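Below is one structure, written out as structure tokens; comments come after it.
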Amino acid sequence: MKMNITTAENTNTTSAGETAHLQDLVIGCVLAICGNLLISVSLNLQKYTHMKNEAREVAIHYTKDPMWWLGVSLMVIGEVGNFSAYGYAPASLVAPLGTTTVIANMFLAALFLKEKIGPENLFGSALAVLGAVLVVGFAPKKEKILDGIMLMSLLKNMGFIVYTCIELAILAVLLLLLHVKKMTRVVIYLLIVAIIASFSVISAKAVSSMVQLTFAGDSQLKYISLYVMLIIMVSTAILQVKYLNMAMKKFESTIVVPTNFVFFTLSAIIAGIVFYQEFMGMTALEIFMFLFGCSMSFLGVYFIVVGRKIPAAVIQATQPAPDQPPQSIASRIFPSWLCATVNVGKVQPSGYTSHLNTDEEMRRPFVGSDAEDSDSSQETLYTTTKETNVSDDRHYLGNLH
């Protein structure tokens with residue numbers, strides 16, 4: 001009889017624990033979704049501020065515009081929501097829910113920035129939502145609440161040390177390309193944001209866990225790791241805002257926000273796997289379906305941004321000077337929507353050629369195109385002639401005769 005009572009008590013305790021854990025997951029998901037919606041609004045407000053500033057006769061610094069500060073304030077509130085979500089749900093679950101930012105940004109950009117929405121964008125939104133459902137359904141269910149001792153143990157883990165060294169090395173290369181080589185590519189800006197964000201995720205989850213334990217009665221204020229993580233969290237958040245704002249100033253919001261979502265999600269998942277070991281205890285099917293859901297979200301993001309035009313100012317800014325050799329074709333490495341432009345060298349030297357007699361023949365393309373509008377890359381496929389060069393060449397041939 002006593003054994004039956006004990007078994008029933010254990011069952012009730014387990015059931016109550018599972019219910020409480022499920023409630024924590026729901027709270028974490030709601031906080032993440034609401035936080036991401038506020039972030040989407042804030043990004044569009046900042047983009048609108050830059051557009052309005054460019055339209056002024058006398059431009060002012062964007063920090064002097066109250067609307068820009070409103071956008072920053074909403075971003076801070078949204079990030080607080082994300083920060084709180086990490087205390088209730090695993091990082092690998094919170095990060096993919098950023099797909100709500102991408103979907104909301106698409107409609108907000110159409111409403112406020114007058115950007116168009118096509119059927120492929122709506123299809124991408126449906127894929128992203130379905131992927132988010134799979135992510136939530138198969139995400140890691142065991143949440144770790146870290147105290148100061150456990151945190152110090154994880155920080156000394158050799159795998160995390162190697163991971164940190166690799167990320168810092170990549171970050172140094174990206175900063176060199178951006179600030180020294182002056183390569184203004186959206187992929188460079190957002191890779192910098194993603195790498196910085198990985199440390200934000202680790203520190204935010206650690207601080208959130210220790211604050212949660214402190215309010216529960218187990219004070220963590222005596223551990224120096226709490227203050228170190230707090231400093232890392234605040235400093236990395238500031239750097240994220242800086243580089244994300246630089247990207248928003250130069251590129252379309254419908255390119256920056258989805259790409260940032262993909263990079264940030266991958267960065268957060270890797271950080272959760274390496275530092276918090278969140279995939280431990282999951283079955284192979286759960287891991288596969290979770291990653292499949294992430295892939296569907298990424299594919300949805302691609303369809304959301306497909307067909308978006310690059311601003312002419314960005315194309316002009318990234319074109320090489322006429323006297324410089326052509327740059328490498330970045331689209332061989334990244335999708336075209338991650339790059340501002342594609343640089344292609346001339347396939348035929350300009351000048352007079354004796355076997356071409358008419359203007360029609362001199363403008364004949366080497367590669368045919370049915371499109372009426374051609375970009376700078378397509379125009380380089382034509383052999384063009386300058387009148388000065390033609391007359392000089394003919395005069396030179398006449399002297400020979």
Side-chain angles (χ1 to χ4, degrees), residues 17 20-21 24-25 27-28 31-32 35 75-98 139-172 175 192-243 264-282:
H21 181 65
D24 288 345
L25 289 179
I27 293 173
L31 287 172
M75 176 174 284
V76 171
I77 297 173
E79 291 295 351
V80 169
N82 277 336
F83 163 76
S84 303
Y86 286 116
Y88 292 93
S92 54
L93 170 59
V94 173
L97 291 178
K141 300 299 188 294
K142 294 182 180 180
E143 173 62 2
K144 292 182 179 180
I145 305 297
L146 300 179
D147 57 16
I149 298 176
M150 294 175 62
L151 180 61
M152 288 302 299
S153 176
L154 291 175
L155 288 173
K156 295 176 181 178
N157 187 9
M158 183 56 64
F160 174 69
I161 294 174
V162 173
Y163 165 80
T164 302
C165 293
I166 293 174
E167 289 229 315
L168 291 177
I170 297 174
L171 181 61
L175 291 174
I192 292 173
V193 173
I195 292 176
I196 296 173
S198 65
F199 296 105
S200 296
V201 168
I202 292 172
S203 57
K205 186 168 179 60
V207 172
S208 181
S209 297
M210 297 178 78
V211 169
Q212 188 175 349
L213 288 174
T214 300
F215 281 112
D218 185 8
S219 179
Q220 302 293 309
L221 301 178
K222 57 186 177 182
Y223 295 107
I224 192 174
S225 56
L226 171 63
Y227 305 101
V228 173
M229 285 296 178
L230 185 61
I231 293 173
I232 294 174
M233 183 184 71
V234 173
S235 59
T236 53
I238 294 173
L239 288 173
Q240 281 186 77
V241 172
K242 175 185 176 181
Y243 284 100
F264 172 78
T265 302
L266 290 174
S267 179
I269 290 174
I270 294 172
I273 293 173
V274 173
F275 189 76
Y276 292 105
Q277 302 175 357
E278 292 179 343
F279 280 11
M280 294 293 292
M282 293 179 64

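Side chains are part of it too, since the values below use all heavy atoms of this structure and drop only hydrogens, waters and symmetry mates. For reference, positions follow the sequence shown, starting with 1. Model, not experiment: these values are computed from the prediction.
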(message) Any heavy-atom pair between the side chains of Thr164 and Glu167 that's under 4.5 Å?
(response) no

(message) Can you tell me how far apart CG (Leu168) and CZ (Phe199) are? Round to the nearest 0.5 Å.
(response) 4.5 Å

(request) Evaluate the side-chain proximity of Leu93 to Tyr88: yes if any heavy-atom separation is below 4.5 Å, no if none is. (result) no

(message) How long is the straight-line distance from CG of Asp147 back to CE of Met152, given to the nearest 0.5 Å?
(response) 12.0 Å

(request) Using a cut-off of 6.0 Å, state whether more than 12 heavy atoms not belonging to Ile224 lie near its atom CD1. (result) no

(request) Answer whether the closest heavy-atom distance between the side chains of Ile149 and Ser225 falls below 4.5 Å. (result) no

(request) Report yes if some heavy atom in the side chain of Ile270 is under 4.5 Å from a heavy atom in the side chain of Tyr163; otherwise report no. (result) yes

(message) For a 4.5 angstrom cut-off between non-hydrogen side-chain atoms, does Phe264 reach Val193?
(response) no

(message) Could you go through Met229 and Leu155, starting from their C-alpha distance and side-chain angles, then the distance that decides it, and tell me whether this counts as side-chain contact (heavy atoms from CB on, under 4.5 Å)?
(response) CA-CA 11 Å; Met229 285 296 178; Leu155 288 173; 3.5 Å; yes

(message) So which atom in Lys205 and which in Glu278 form the shortest heavy-atom distance, rounded to 0.1 Å?
(response) CE-OE2, 3.8 Å

(message) So, taking the atom named CD1 in Ile202 and the one named CG in Leu151, what distance separates them when rounded to the nearest 0.5 Å?
(response) 10.0 Å

(message) Is there a side-chain contact between Phe275 and Asn157 in this structure, where contact means two heavy atoms from C-beta onward sitting under 4.5 Å apart?
(response) no

(request) Sequence neighbours left out, what passes ring-ring contact (aromatic ring centres under 6.0 Å, His included) with Tyr223? Give chain and number order. (result) none

(request) Could you tell me the separation between the CD1 atom of Ile231 and the CG atom of Leu226, rounded to the nearest 0.5 Å? (result) 10.0 Å

(message) For the CD1 atom of Ile195 and the CG atom of Leu171, what is their distance to the nearest 0.5 Å?
(response) 5.5 Å

(request) Nearest 0.5 Å please: distance from the CD1 atom of Ile232 over to the OH atom of Tyr227. (result) 15.0 Å

(request) Answer yes or no: is there a side-chain heavy-atom contact under 4.5 Å between Glu79 and Val76? (result) no

(request) Taking the side chain as every heavy atom from C-beta outward, state whether Phe279 and Ser92 have any atom pair closer than 4.5 Å. (result) yes

